[in-house]
2 protein chains.
Amino acid sequence: MAEGLPDQVAALRPNAVVAVDVVLFTVRLGDPTGRAWQVLVLERDDAAFAGRLSLPGVLLRADETFDGAARRALAAKAGLDASQWYLEQLGTFAAPDRDSRGRVISVAQLALQGSAQIRLAPGRGVMRAAWLPVRALPPESLAFDHADMLRVASNRVQSKLRYSWIAFQLLPETFTLSELRAVYAAILDPALLRLNTGNFRKAFETLFAADVLVPVGTRARAGRVGRPGDLYRFTGPVLGRWERELPWQGSPEPGPDDTTLDTAG
Amino acid sequence: MAEGLPDQVAALRPNAVVAVDVVLFTVRLGDPTGRAWQVLVLERDDAAFAGRLSLPGVLLRADETFDGAARRALAAKAGLDASQWYLEQLGTFAAPDRDSRGRVISVAQLALQGSAQIRLAPGRGVMRAAWLPVRALPPESLAFDHADMLRVASNRVQSKLRYSWIAFQLLPETFTLSELRAVYAAILDPALLRLNTGNFRKAFETLFAADVLVPVGTRARAGRVGRPGDLYRFTGPVLGRWERELPWQGSPEPGPDDTTLDTAG
DNA sequence: ACAAAAGTGTTTATTGTACACCCATGC
DNA sequence: GCATGGGTGTACAATAAACACTTTTGT
């Protein structure tokens, strides 16, 4: 940070355009597993990128934090009130040619929210927003380097699902273990649906023991058929983690597993 | 990224000062385990931060990548040729008050290199640089929010040591399993030194089977006493990972485990 | 010869998976 | 009743830790 004299002279002169883009994920429990994991995209009508999709983003304001800008982007571009949503920094993208209009540095943020709590309320200035299934989204359909951001975000969520407790950010206040399993199946591997209920439950044994997952007493309203599951509430810290990673391997997604940015061997 | 019309008009006007700071870690195999894990810091002589330490950093240039700037920072501030070193993006720090001279956004980079390959070659314009043990470094001694960066970097390395193959970036071309164990012990937990050699070796069984760790034939020159260990070479990709995380728990470092930036519950 | 450290194998405890069984609901 | 899905317990397989033993060096 500008310790050298030549740097210090210029220290107060802005030298970059900084934007914030948001990768907002949700899981639609009603949809089939292959399409349940969805991402929010905007449909662009610019001349330059006609027909292509992009992530919601804004330019950073003078005294704004990154997550402040991210929440503002969701409000301004999609009419979403994200003031209470889970948000974390994903990484900063700065390939010199990533934006044709000049050099723009973008801080990508990852947001998670349960689909039940999301209400797309189109207001003034809101763009056409759409939810698309992550697994069925062709990378070419995204403008700029937003496909890179989506890839990094997907990898991040898949990893984090195994060692942290973020899965509960994608569920409503109370939920059944089946719904929890649906989240894991949608993001990690559909094969988890064919896993035994007992084994799935056992993986969360420590959370039950620590009262992080507490039964709420009630049963879920009957689904279609079969016994309704017990309802649970998550009381643990959002940033909580397991001591030992969950055993379920993510689906062997080929290609670079770039959780790691800016790496050169 | 500036899709809205109001944003687009201003899209080419720089709106922020962007810097790049580097957290360079090494492990000195000679030192006692408690002090072997070290970080490079600069001793500041500014009036504002007299006597305090800081991480090497520079302002980002117009057409420079982040890791380009990071390597330049190491060269300019400490005289290190980091052109071939392992580097990854750590996160971007932007608290509005993090720099008293104005709002500066800093992209922190994590660098790893074996201590044997590091040659501090003070040249013109190079600042006083020092290697300090990470575990014994009081957070207050660092200027700006560099203590935050160091904390995030430490957590990142500790996690990554367990699921990826970066440990080998901290070792010379050929090394013994004892030296490898010393790296893990220094960063994760000194108790690993008291772990049986056989069990440690068994953890790397898959790497031996995949010829990622290959014996180089020779024996290490005798240490102090006892049988010298076999020498090995790491041939795998820098970004390689284990399918299953290593079992060794990091030392139960209290405090926030912030690998996660910008999170608000 | 002895101590110290490295390498190899076996035994035991812990953890993950598979399977069998009972419970509650819709038809 | 019967099919379907949820909840509980047990048996088997895989993995981590503990331990015993052999090899190679310096003193």
Side-chain angles (χ1 to χ4, degrees), chain A residues 29-30 32-33 162-163 171 174-185 188-209 213-232 242-250, chain B residues 29-30 32-33 162-163 171 174-185 188-209 213-232 242-250:
Chain A
L29 297 172
T33 313
R162 303 201 337 159
Y163 67 79
L171 289 168
T174 63
F175 50 88
T176 64
L177 285 189
S178 308
E179 293 171 321
L180 179 59
R181 186 165 77 230
V183 168
Y184 278 88
L188 279 182
D189 189 352
L192 276 173
L193 288 182
R194 284 181 287 286
L195 179 65
N196 195 301
T197 56
N199 291 336
F200 185 82
R201 181 187 212 84
K202 202 173 300 182
F204 293 88
E205 199 51 56
T206 57
L207 297 197
F208 286 118
L213 264 183
V214 292
V216 80
T218 346
R219 286 268 170 77
R221 79 225 171 292
R224 311 187 184 295
V225 64
R227 170 177 173 178
D230 297 352
L231 285 173
Y232 295 90
W242 272 281
E243 303 244 319
R244 205 177 204 80
E245 219 176 10
L246 288 177
W248 313 314
Q249 297 292 355
Chain B
L29 297 172
T33 312
R162 303 200 342 162
Y163 67 80
L171 289 167
T174 63
F175 49 87
T176 64
L177 285 189
S178 307
E179 292 170 322
L180 180 59
R181 187 165 76 233
V183 168
Y184 277 88
L188 280 182
D189 189 352
L192 276 174
L193 288 182
R194 284 181 288 285
L195 179 66
N196 194 301
T197 56
N199 290 336
F200 185 82
R201 180 187 213 85
K202 203 171 300 181
F204 294 88
E205 199 52 55
T206 57
L207 297 197
F208 287 119
L213 264 183
V214 292
V216 79
T218 347
R219 287 269 171 76
R221 77 218 174 296
R224 315 193 176 290
V225 65
R227 171 178 172 178
D230 297 351
L231 284 173
Y232 295 90
W242 273 281
E243 304 244 320
R244 205 178 204 81
E245 219 178 10
L246 289 177
W248 313 314
Q249 297 292 357

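Proteins get letters first, then strands, A, B, ... in listed order; numbering begins at 1 in each.
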By side chain to side chain contact (heavy atoms under 4.5 Å, CB included), V216(A) pairs with (sequence neighbours left out) T174(A), T218(A), L231(A), R233(A)
Contacts of type side chain to side chain contact (heavy atoms under 4.5 Å, CB included), residue L195(B), not counting sequence neighbours:
L192(B), N199(B), F200(B), W248(B)
Taking side-chain hydrogen bond (donor to acceptor under 3.5 Å, both in side chains) as the test, write out the residues that go with R162(B), two or more places apart.
E245(B), Q249(B)
Across the strands shown, which category fits R194(B) at heavy-atom distances under 4.0 angstrom: base, sugar-phosphate, nothing?
nothing
Pair Y163(B)-Y163(A), ring-ring contact (aromatic ring centres under 6.0 Å, His included): steps then yes or no:
CA-CA 11 Å; Y163(B) 67 80; Y163(A) 67 79; 7.5 Å; no
If I take atom CZ in residue F204(A) and atom P in nucleotide dT8(D), what distance separates them, rounded to the nearest angstrom?
15 Å
Rounded distance in Å - CZ (R181(B)) to P (dA5(C))
10 Å
Heavy-atom check, side chain of F204(A) versus side chain of L177(A), under 4.5 Å
no
Going 5' to 3' along nucleotides 7-20 of chain C, which nucleotides have protein heavy atoms under 4.0 Å from the base (write B), which only from the sugar-phosphate (write S), and which from neither (write -)?
BB-B-----SBBB-
